[in-house]
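Below, all heavy atoms of this structure are taken into account, side chains as well, without hydrogens, waters or symmetry copies.
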Amino acid sequence: MAGSDTLLLTARAEIYRCLSLTFADPQAGTAHTLTRQWPITVTALDVLGIASIEAADVARDIADGALSDENLVVAHAACFGHAVSKDCPPYEAEYGQAHIFEKTQTLADIAGFYRAFGLEPAVAIRDRADHIAFELEFMEYLCRKQAFALVNGHPPDRIEQCQGARRAFLEAHLGRWGFSFLQHLIRKEPDCVLAPWAKLLEAFLAAELNSTGIERRADPFLNEGDIDRVEDTACSACPIMPGVAPQPEEVRP
């Protein structure tokens, strides 16, 4: 059983690695690295039994030579811009969290996940912790750490810690906003080189939620500049509503 679990975790880690590299800021040689990683990713997808149609679209682009450093740079600029894009930003806190305190709390929560496993951004990295590539890389790390713990016979509590963190991070973060990000990207640039990868990540995330028993919630709205958006249900807790006492805000430690 442990061998089977290790295989599945390793397969997930390889897919997360490939997709993290795809959505990170492209560097010289990124396309070559992705092309070399792709056969491993295909094998991992086969192990998990998912995303055959989406994988075929990516494979076709690789075979046709569409996956190049130049095309990746063009696609990233078109999708994300040189500042924070308002159409499909690659940052979690830009989705469904128009209030500044919500964004701050989200960034703090993500950083807390990273620190709990001894992770800090590299000194050379000048980007936010909620970037899609960082969140995918963190999921890769958790999968590999759990697989390592299984192979080396670590105590059950360590294995459960990794498993619990994977599920919690998917539910509270990556699986909450990832679909909205991907759908905005596909709508904005349906013909760019990133679009097939976005569809692949969408299929993979859906499979991840299903495998962990997490229900996919309605996609959060994309924040519109500095406009605060408040759901109608929030009025029920407003102190000016007659007969309704304000409730203390829950603060995450």
Side-chain angles (χ1 to χ4, degrees), residues 12 14-42 44-45 50-96 125-140 173-209 216 219-225:
R12 288 187 170 94
E14 293 296 345
I15 298 169
Y16 277 121
R17 177 181 185 273
C18 188
L19 292 168
S20 172
L21 183 61
T22 302
F23 290 100
D25 288 340
Q27 307 295 322
T30 296
H32 177 67
T33 302
L34 284 172
T35 300
R36 291 186 60 185
Q37 174 72 17
W38 181 244
I40 301 172
T41 305
V42 170
L45 290 167
I50 58 174
S52 58
I53 295 175
E54 292 79 7
D57 291 339
V58 172
R60 183 168 54 252
D61 275 1
I62 293 175
D64 293 345
L67 182 66
S68 65
D69 286 346
E70 180 181 0
N71 286 345
L72 282 172
V73 170
V74 170
H76 274 257
C79 291
F80 311 134
H82 298 290
V84 177
S85 167
K86 294 188 183 212
D87 297 318
C88 60
Y91 302 102
E92 177 182 347
E94 301 305 316
Y95 294 81
I125 299 297
R126 303 294 182 189
D127 214 333
R128 285 164 41 176
D130 61 335
H131 193 287
I132 185 70
F134 292 167
E135 295 198 8
L136 291 168
E137 187 176 6
F138 180 59
M139 289 298 296
E140 176 201 352
H173 295 289
L174 184 58
R176 185 196 69 85
W177 74 284
F179 295 104
S180 185
F181 159 68
L182 296 167
Q183 288 164 8
H184 278 89
L185 186 156
I186 294 166
R187 283 198 297 268
K188 178 175 170 59
E189 296 291 335
D191 299 320
C192 79
V193 73
L194 286 178
W197 293 91
K199 292 175 183 176
L200 178 62
L201 176 52
E202 189 174 23
F204 177 57
L205 278 182
E208 284 288 84
L209 293 188
R216 177 172 168 177
D219 294 333
F221 61 81
L222 180 61
N223 296 341
E224 299 174 353

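Less than 6.0 angstrom separates the ring centroid of Phe204 from the ring centroid of Tyr16.
Between Asn223 and Ala93, the shortest heavy-atom distance links the atoms ND2-O, 3.1 Å. When every heavy atom of Cys79 is checked against every heavy atom of Cys88, the shortest pair comes out as O-SG, 3.0 Å.
Note that CG of Leu136 is 10.0 Å distant from NE2 of His131, once rounded to the nearest 0.5 Å. Note that CG of Leu21 is 9.5 Å distant from CD of Gln27, once rounded to the nearest 0.5 Å. The distance from atom CG of Leu201 to atom CG of Leu182, rounded to the nearest 0.5 Å, is 4.5 Å. Note that CG of Leu34 and OG of Ser68 are 11.0 Å apart. Values are rounded to the nearest 0.5 Å. Here Thr22 contributes atom OG1 and Leu72 contributes atom CG; the two are 7.5 Å apart, rounded to the nearest 0.5 Å. Rounded to the nearest 0.5 Å, atoms CG (Asp87) and CG (Leu222) are 7.5 Å apart.
When side chains are defined from C-beta on, Phe138 does not count as touching His173, because their heavy atoms never get closer than 4.5 Å. Side chains of Glu202 and Glu54 form no contact here, defined as non-hydrogen atoms less than 4.5 Å apart.
Aromatic ring orientation, Phe80 versus His76: perpendicular (interplanar angle above 60°, classes split at 30° and 60°).
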